[in-house]
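Just below is one structure, and these are the notes that go with it.
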Protein chains: 2
Amino acid sequence: MKNKFAERTHFVKPSETREILKITARPEVISFAGGLPAPELFPVEAVKDVCNKVLNEEGAASLQYSTTEGDIALREMILQRMKGIGISAAIGNVLITSGSQQAIDLTGKLFINAEDIIICESPTYLAAINVFESYNATFVEVAMDDDGMVMEELEKKLQAYPDAKFIYTIPDFQNPTGRTLKLERRKKMVELANQYDVLIVEDNPYGAIRFAGETIPSVKHFDTDNRVIYISSFSKIFAPGLRLGWICADETFIEKYVSFKQTADLHTDSFAQRMTAKYLKHYDMEKHLNRIKAVYKERCTAMLSCIEQFFPKNIKYSTPEGGLFIWVELPESVDSEKLLVECLESNVAFVSGASFFPNSRKKNTLRLNYSNMPVDRINEGMKRIGEVLNRELKREIR
Amino acid sequence: MKNKFAERTHFVKPSETREILKITARPEVISFAGGLPAPELFPVEAVKDVCNKVLNEEGAASLQYSTTEGDIALREMILQRMKGIGISAAIGNVLITSGSQQAIDLTGKLFINAEDIIICESPTYLAAINVFESYNATFVEVAMDDDGMVMEELEKKLQAYPDAKFIYTIPDFQNPTGRTLKLERRKKMVELANQYDVLIVEDNPYGAIRFAGETIPSVKHFDTDNRVIYISSFSKIFAPGLRLGWICADETFIEKYVSFKQTADLHTDSFAQRMTAKYLKHYDMEKHLNRIKAVYKERCTAMLSCIEQFFPKNIKYSTPEGGLFIWVELPESVDSEKLLVECLESNVAFVSGASFFPNSRKKNTLRLNYSNMPVDRINEGMKRIGEVLNRELKREIR
């Protein structure tokens, strides 16, 4: 048989994170590699109750085909939630997607022509890189500091690439760095987007998991020209297995998104949508979030203490105010992929940072996930990484 | 703001069927327009039971992120079901998708380069046309008779278009015609595909809903060269709202499908997958299917009687042995889109047939759905269409 694959298959590779996750699934491995929420916090009993409520009250309708746009009750609940971060929108601005991953994929499909320029944080979310690469995009990375993307650097890139299609940003507790874009920079980002006529794709799955500091309005809050596309998800605040995300954007964009969503999968699971809407109606989401935040704060604090205690002093790391991840920068001589191989021998894992850079692939970086591991395992695992790291650095000095 | 959309947005239009469905959602309209299964047959109590079973027995795991390939228990159940139509496959040949719509979309993404030739039945499934058009495919239609695609015509097209990428076929109770590809033609189709080195995409969502005649092995059963991609779905046999479909294909194809599925939505709702696997384990699917078949047979028979009784004699129509649809060919002078406008005034609806032809758009055709309407409403609605049709034909003679 001749090769039948389309040319675009060249741009798709299996997600490196997912491949690592397979290796680290062995129970003896303490894995900080994934990006999974803590399953022991999933509201299993409440889900059982709302499943029964949906089937008792809405019965067959919840199992039938439904509209592409998504369940109206769920979209109304989403509008309410978004108000809390300064987004005022109408029902026609919201499309339910099959996880925020689909929202990112539809965004690529809707906006990216081959070789279009996407401006992103350096580093940025791996699965978004994979999506945009699958549409043959070109990436331009913008440097970050502890307060997120640096606006002077963004402006330089916009000057250099005036035809850029959009700025892709994860403003809250970014994946992979855990850093948050500070308030003034959000305003400035929108100003620059207006000035240079580029779109902003604001990917915000973690914003509701803030366990320190003050809530900051979303980038979309400062949008004066309907050019910010806001993407979020129930994966980190409710249940990722249900694959529920959403897009909030200008109605002319949503209309096109709906067409692409129709061809992609007709609509998102209507039972999952109705069940989640019922949960939001009958249960106290803020109370649930407070439980998640308390646990993640404890785990994050423990991991930061371990870095202080077990890691060498000549490294840098982020101190997140929420979300799931800590970012570590090692001395430039260290290759974290080699470090990972040694760590796996000690039954501990992380994700090496290089693959989060679409172009610059800084090998001396790594991402640590704290959400899915109890404190005693965090202490033990971080001690093991520390030992490998100290050994590695000593070997280098010799 | 300058236009930001990608060029591929030109190839996507909103589904005409879905637009019609909106109009016909008024309760006073008797609609034969949709393609919805009968919701009164959904096993609501059983779904309630299996939701509780999943949450009691598998708890948090059912709400967590999962593998892209899909739930192993569900894939094993699918392997068992496929054996019944002569498909022997292994777990690595099966990928769970978010409805068979996603399976079709991923197939387009995986195989279609711009202007690639897709060979299809004339007419064929509207949403597949929309998907393949979104990848800028070129269609070549092959004539059908009462036994499905005509193999002599297929061979002519393969000779004329030796670089065709794949043959897209719906062999059982085709949408929109209700026709079934007969056994010898299935063998012949595979022979021709081997000879001309093209793939076959077998889209089979209706095969299990056979209420007359004998079961025929799938096209995939005759596959000697791993070139048949089999697509099916739980939408017509269990619950469409859950969006569960699957692809069964060669493992080298499945690996690439998995990469695209990862970027598309990571994985399909794992709770829905586990719930459906539990249903297949604890409930008698054949008994459930027998109930569906009995009801659809009654409705199909009633609709066929109505055609005999109320429609003019100079029309042709299909007599399906299963599935959801009857196809009607009117005298060539009649435009079914105009007919539909008149029928809507009488509060009855169907889908005019033109949009099921990617190129030839035969306007004198229409599709009738019987699965979602009780017999008394079928009788009433068909009488109304008959009245409009007779009036229309009389007007022409004058």
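Chain identifiers are assigned alphabetically (A, B, ...) following the order of the sequence lines, protein sequences preceding nucleic acid strands; residue numbering begins at 1 within each chain.
When A/R274, A/E45, A/Q273, A/R227 are compared by the number of non-hydrogen pairs under 4.5 Å with chain B, A/R227 comes out ahead. With chain A as partner, the option from B/S270, B/A272, B/A103 having the largest number of non-hydrogen pairs under 4.5 angstrom is B/S270. Note on A/V198, A/V258, A/V47: by heavy-atom pairs under 4.5 Å with chain B, the leading option is A/V47. Taking chain A as the reference chain and counting heavy-atom pairs below 4.5 Å, the highest number among B/P37, B/A127, B/P240, B/S98 is found for B/P240. Contacts with chain B were tallied for A/G59, A/A264, A/A114, A/A239; A/A264 has the most, counting heavy-atom pairs under 4.5 Å. Interface summary for chain B: among A/D105, A/N52, A/I112, A/L63, the most heavy-atom pairs under 4.5 angstrom belong to A/L63. Contact count against chain A (heavy-atom pairs under 4.5 Å) is highest for B/N56 among B/N56, B/D116, B/I104. Ranked by heavy-atom pairs shorter than 4.5 Å toward chain A, the options B/E255, B/K48, B/E40, B/Q102 are led by B/K48.
Here the CG-NZ distance, from B/L110 to A/K4, works out to 13.0 Å after rounding to the nearest 0.5 Å. Rounded to the nearest 0.5 angstrom, A/L36 CG and B/S66 OG are separated by 10.0 Å. Taking NZ of B/K256 as the reference point, atom OG1 of A/T9 lies at 4.5 Å (rounded to 0.5 Å). Here the OG1-CG distance, from B/T268 to A/L242, works out to 12.5 Å after rounding to the nearest 0.5 Å. Distance CD/A/Q262 to OG/B/S134: 11.5 Å, rounded to 0.5 Å. To the nearest 0.5 Å, the span separating CG on A/D265 from OG on B/S100 amounts to 11.0 Å.
Annotation: B/Y196, atom OH; neighbour count of heavy atoms from other residues, nucleotides and ligands within 6.0 Å is above 12. Environment of OH in B/Y283: crowded, with over 12 heavy atoms of neighbouring residues, nucleotides or ligands closer than 6.0 Å.
Ring geometry, B/F111 versus A/F5: the interplanar angle falls under 30°, so the pair is classed parallel (tilted spans 30 to 60°). Note: A/F271 and B/F271 have parallel aromatic rings, judged against thresholds of 30 and 60 degrees for the angle between ring planes.
Side chain of B/R8 to backbone of A/N113: no donor-acceptor contact under 3.5 angstrom is found. Of the possible donor and acceptor atoms, one in the side chain of B/D197 sits under 3.5 Å from a partner among the backbone N and O of A/K2. Using modelled atom types, no side-chain atom of B/Q64 and backbone atom of A/G241 make a donor-acceptor pair closer than 3.5 Å.
Within the 4.5 angstrom heavy-atom criterion, only side-chain atoms of A/D163, from C-beta onward, approach chain B. For B/V54, no part lies near chain A; criterion is any non-hydrogen pair under 4.5 Å. With a threshold of 4.5 angstrom between heavy atoms, B/T252 approaches chain A through N, CA, C or O but not through any side-chain atom. Looking at B/D71, there are no atoms closer than 4.5 Å to chain A (heavy atoms on both sides), in backbone or side chain.
Taking each heavy atom of B/L55 and A/C51 in turn, the nearest pair found is CD1-SG, 4.3 Å. Here the closest heavy-atom approach between residue B/M1 and residue A/D225 is recorded as CE-O, 3.2 Å. Taking both residues in full, the closest heavy atoms of B/R243 and A/L266 are given as NH2-CD1, 3.5 Å, listed atom of the first, atom of the second, then distance. Smallest separation of non-hydrogen atoms from B/P39 and A/A60: O-CB, 3.4 Å.
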Would B/T263 and A/E133 count as a side-chain contact (heavy atoms from CB on, under 4.5 Å) if you check the C-alpha gap in whole Å, the side-chain angles of each, and the deciding distance to 0.1 Å? CA-CA 10 Å; B/T263 63; A/E133 269 184 351; over 6 Å; no
* **Step-by-step side-chain contact (heavy atoms from CB on, under 4.5 Å) determination, A/S235 to B/Y65** => CA-CA 9 Å; A/S235 292; B/Y65 283 115; 3.5 Å; yes
